[in-house]
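Below is one structure; the comments refer to it alone.
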Amino acid sequence: SPGRRRRPRRRQGPGPCAAEFCRSALHPTRGKPRTPSLTLARTLPPPISTSISSSAPAAAASGRCAAATAGEMDQDPDDHVQCGVDPEELRHFQEVLCSFCEYGVCMAYEGTRRVHAVREIPVTDRTLLPVDSLLNADAAAFFAAAKRNAEFFARVAVGQGIFDPEVISSQTFAPLMDARNVLNREPGGAAAGHGLGSALPGVPSGESPYVVDFGRRLVTSPHNQRKVHQTLHSVAREWSDEGAAEREECFTPLIQELRRRLPLGAGERFRHRVLLPGAGLGRLVAEVVSAGYRAQGNEFCYQMLLTSEYILNGLGDTTWELHPWADSCTNEVRRGDNVRGVRVPDIAPQELLDFDESAGHGLADDDSNVIPPFSMTAGEFMEVYEDRVAFWDSVVTCFFIDTAPRITEYIRALYRMIKPGGYWINLGPLLWHWAPSLPG
Ligand SMILES: C[S@@+](CC[C@H](N)C(=O)[O-])C[C@H]1O[C@@H](n2cnc3c(N)ncnc32)[C@H](O)[C@@H]1O
């Protein structure tokens, strides 16, 4: 679970309907402006339509900013004021893409830091430590692990339109331009499989360690760098075999309780609507759908949202070997523990989300209440659902409620949006993420 962090601005995440990543062919985003703004489908339909807008739904729906045409790569985000794309949202989105594209460089810094630290071990102590291995084999394993992770995140960024002129800006976000140029040079360019070779921004080919341009300032803030690392940790928890025991302890009791409280009779698949705020990478949402419930996840962290979008929609039959703990020096029992690989995903999402796309939308009182059997919304949970009243049969929270700056506000919101007689099912610690930064 994320540790201490600054309290976000009200719209730290995409915000309600501010960012719309929609498989419109499958799940048109409908209803009032504040209804779900991110819809993730389970199959591999036509290319994802990425639209960013909070104030001009038409521009967002078209997926194109009128001011941006192919070849115009030097727009400043502020130019988007004219076309109705919220510059603040766009900037945040670009920063998040940068955090993916700069992951390799950040890890190269970390690897270089470690190498320097070993070199500085006093001569008298060198015989006590495996200095040779630390400087060679271990360093090589670290850089190889970092490179694979970086390739994965580059793919996530590519899937979110770093080739689109309206998404990147050469002046402000050099890493996105670098990534674009490098990936363009790859055989097959962006459309190729995920084998990016060694050509990644800031990660030149050749033997490790990387050659890093230490002269260039990182665009990515430490806050966003941390988010990428946390996302990688969540990938292991939610979508790898290594996370199976943790999921068994956390997800299974929640689903058992859901089944106990809202049993499903014959022909009642998708009868009950379940909301899962703070959904992370969507695994629990998928498991709840697999158990027969109509589930919607909600998440406000772009890194999480974009990565889950890639895992759910972008992988096809591909699996990745990732190294989720490579960034960490702690909890390493034996040397090499932290660069161990995990295979992602452990199960094809399609296996969990095995339903007919067109089936079972019959729960609508009106259009705005239609939700597909599986969906995700982007934005801050209290804002996204501020108009929802007596709608959900159950809200399931997993490792979430301690993200509340004020728990009473969360509880009041849950009480409002759950149907009378419905259930709030919760599991997780009470680490109160905001406590250190709140006054008093
Ligand atoms: C500790 S993680 C738990 C993730 C997942 N439920 C699990 O158990 O693996 C908490 C998640 O809630 C998200 N989150 C925190 N506050 C939120 C809010 N107000 N609205 C939506 N998502 C939020 C975070 O971005 C993070 O992904």
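None of these values were measured; they are calculated from a predicted model. We count ligands from 1, going down the list as the structure has it; atoms in each ligand are counted the same way.
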Please identify which atoms of ligand 1 are closer than 4.0 Å to at least one heavy atom of Thr403.
15 (C), 16 (N)
Assign the ring pair Phe153 / Phe100 to parallel, tilted or perpendicular, where the plane angle (0 to 90°) is split at 30° and 60°.
parallel
Is Gly278 in polar range of ligand 1, meaning some N or O pair under 3.5 Å apart?
yes
Atoms of ligand 1 less than 4.0 Å from Glu238 heavy atoms?
9 (O)
Between Arg260 and Glu257, is there a side-chain N and carboxylate O pair less than 4.0 Å apart?
yes
Do Tyr410 and ligand 1 have an N or O pair less than 3.5 Å apart?
yes
For residues 391-401, pull every pair meeting salt bridge (Lys or Arg N to Asp or Glu O under 4.0 Å), keeping only residues two or more places apart or in separate chains.
Asp393-Lys419
Hey, does Cys398 come in under 3.5 Å of ligand 1, counting only N/O atoms on both sides?
yes
Please check: side-chain N/O of Arg247 versus main-chain N/O of Arg237, any donor-acceptor pairing under 3.5 Å?
yes
Within ligand 1, which atoms have a heavy atom of Cys301 less than 4.0 Å away?
25 (O)
Hey, is ligand 1 close enough to Ala279 that some N/O pair sits below 3.5 Å?
no
Applying salt bridge (Lys or Arg N to Asp or Glu O under 4.0 Å), name anything that partners Asp337, two or more places apart in sequence or on another chain.
Arg334
Which pair of non-hydrogen atoms, one from Lys227 and one from Cys301, has the smallest distance, and what is that distance?
CD-SG, 3.7 Å
Say whether Gly428 and ligand 1 are in contact under the criterion: heavy-atom distance to a ligand atom below 4.0 Å.
no
Closer than 4.0 angstrom: is that true for some heavy atom of Tyr385 and an atom of ligand 1?
no
May I ask you to check whether Glu380 has an N/O atom sitting below 3.5 Å from an N/O atom of ligand 1?
yes
Sole candidate of Val235, Leu312, Leu305 that passes side-chain contact (heavy atoms from CB on, under 4.5 Å) when paired with Leu281
Val235
Which ligand 1 atoms are under 4.0 Å away from a heavy-atom of Asn298?
20 (N), 21 (C)
So for atom CZ, which belongs to Arg412, do other residues, nucleotides or ligands contribute more than 12 heavy atoms lying within a distance under 6.0 Å?
no
Within ligand 1, which atoms have a heavy atom of Arg237 less than 4.0 Å away?
7 (C), 8 (O), 9 (O)
